[in-house]
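The first residue of the sequence shown is numbered 1, and numbering continues consecutively from there.
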Amino acid sequence: MPNSLFVVHVHVHVKPEHADAFRQATLENARESVKEPGIARFDVVQELDDPTRFVLVEIYRTQDAPAAHKETAHYKRWRDTVADMMAEPRTSRKYVNVFPDDAGY
């Protein structure tokens, strides 16, 4: 059976003066997000060479789970909190899980 996990990488570039605040708001969102039944993982990584750049690695159990995530209070709070912190609009790329298999999550 093919893997069903749906992976989204969200690339974010924030204004330098907002890097710490963005990190804190994003960690709060991630801690709540991993409690959602449709989310297998929600990683937050920050670039070493440029701490104004982040990648959110969101691993969903189904392709419908991202839409459910965007309806949660914690996502909406994060979205509104960080909107003015962005140096440019965030971008995302969507993937399907290959390894480890879905049971590894």
| query | So which heavy atom on Gly38 is nearest to which on Ala65, and how close? | reply | O-CB, 3.5 Å
| task | Would you mind checking if Lys76 and Glu71 are paired as a salt bridge, meaning a charged N to carboxylate O distance below 4.0 Å? | result | yes
| request: List the atom of Ser33, the atom of Ile39, and the distance in Å for their closest heavy-atom pair. | output: O-CD1, 3.4 Å
| request: Is it possible for you to say whether Tyr75 and Ile59 belong to one hydrophobic cluster, with membership spreading through side-chain heavy-atom contacts below 4.5 Å? | output: no
| task | May I ask you to decide whether Asp50 forms a salt bridge with Arg53, counting only side-chain N to carboxylate O separations under 4.0 Å? | result | yes
| Gap between atom OG1 of Thr52 and atom CE of Met85 - 0.5 Å precision | 13.5 Å
| field | Residues Glu32 and Arg77 bridged, charged N to O under 4.0 Å | value | no
| Non-hydrogen side-chain atoms of Arg93 and Val8 separated by less than 4.5 Å | no
| query | At their closest point, which heavy atom of Leu5 faces which heavy atom of Ala40, and how far apart are they? | reply | CD2-CB, 4.3 Å
| request: Could you tell me whether the side chain of Glu36 reaches within less than 4.5 Å of the side chain of His69, counting heavy atoms only? | output: yes
| message | Would you compute the distance between atom CZ of Arg90 and atom CZ of Arg79 and round it to the nearest 0.5 angstrom? | response | 8.5 Å
| query | Atom NE2 in His11, atom OG1 in Thr91: separation rounded to 0.5 Å? | reply | 5.5 Å
| message | Rounded to the nearest 0.5 Å, what separates atom CG in Leu27 from atom CD in Gln46? | response | 9.0 Å
| said: Is there a side-chain contact between His9 and Tyr95 in this structure, where contact means two heavy atoms from C-beta onward sitting under 4.5 Å apart? | reply: yes
| message | Nearest 0.5 Å, please: how far is CD in Glu47 from CZ in Phe54? | response | 10.0 Å
| task | Check whether any side-chain N or O of Asn97 sits under 3.5 Å from a backbone N or O of Pro100 as a donor-acceptor pair, and report yes or no. | result | yes
| message | Could you check whether any side-chain heavy atom of Leu56 comes within less than 4.5 Å of a side-chain heavy atom of Thr26, counting everything from C-beta outward? | response | yes
| query | How many angstroms lie between OG1 in Thr62 and CZ in Phe6, if you round to the nearest 0.5 Å? | reply | 9.0 Å
| task | Return the minimal non-hydrogen interatomic distance between Ala19 and Pro51, and the atom names on each side. | result | CB-O, 3.8 Å
| said: I'd like to know if Val57 and Val12 are part of one continuous hydrophobic network [Ile/Leu/Val/Met/Phe/Trp/Tyr, side-chain heavy atoms within less than 4.5 Å]. | reply: no
| CZ/Arg41: more than 12 non-hydrogen atoms of other groups inside 6.0 Å | no
| Note, His18 side chain near Pro16 side chain (heavy atom, < 4.5 Å) | no
| task | Give a yes or no on whether Phe42 and Val7 share a hydrophobic cluster (residues Ile, Leu, Val, Met, Phe, Trp, Tyr; joining criterion: side-chain heavy atoms under 4.5 Å apart). | result | no
| said: Whether the side chain of Arg61 engages the backbone of Pro37 through a donor-acceptor N/O pair (distance < 3.5 Å, no angle test) should be reported. | reply: yes
| said: For the CG atom on Asp20, are there more than 12 heavy atoms of other groups (residues, nucleotides or ligands in this structure) within a distance under 6.0 Å? | reply: no
| said: Counting only heavy atoms not in Asp84 (residues, nucleotides, ligands), do more than 12 fall under 6.0 Å from its CG? | reply: no
| Linking I/L/V/M/F/W/Y whenever their side-chain heavy atoms sit closer than 4.5 Å, directly or via other members, would Val34 and Val55 fall into one cluster? | no
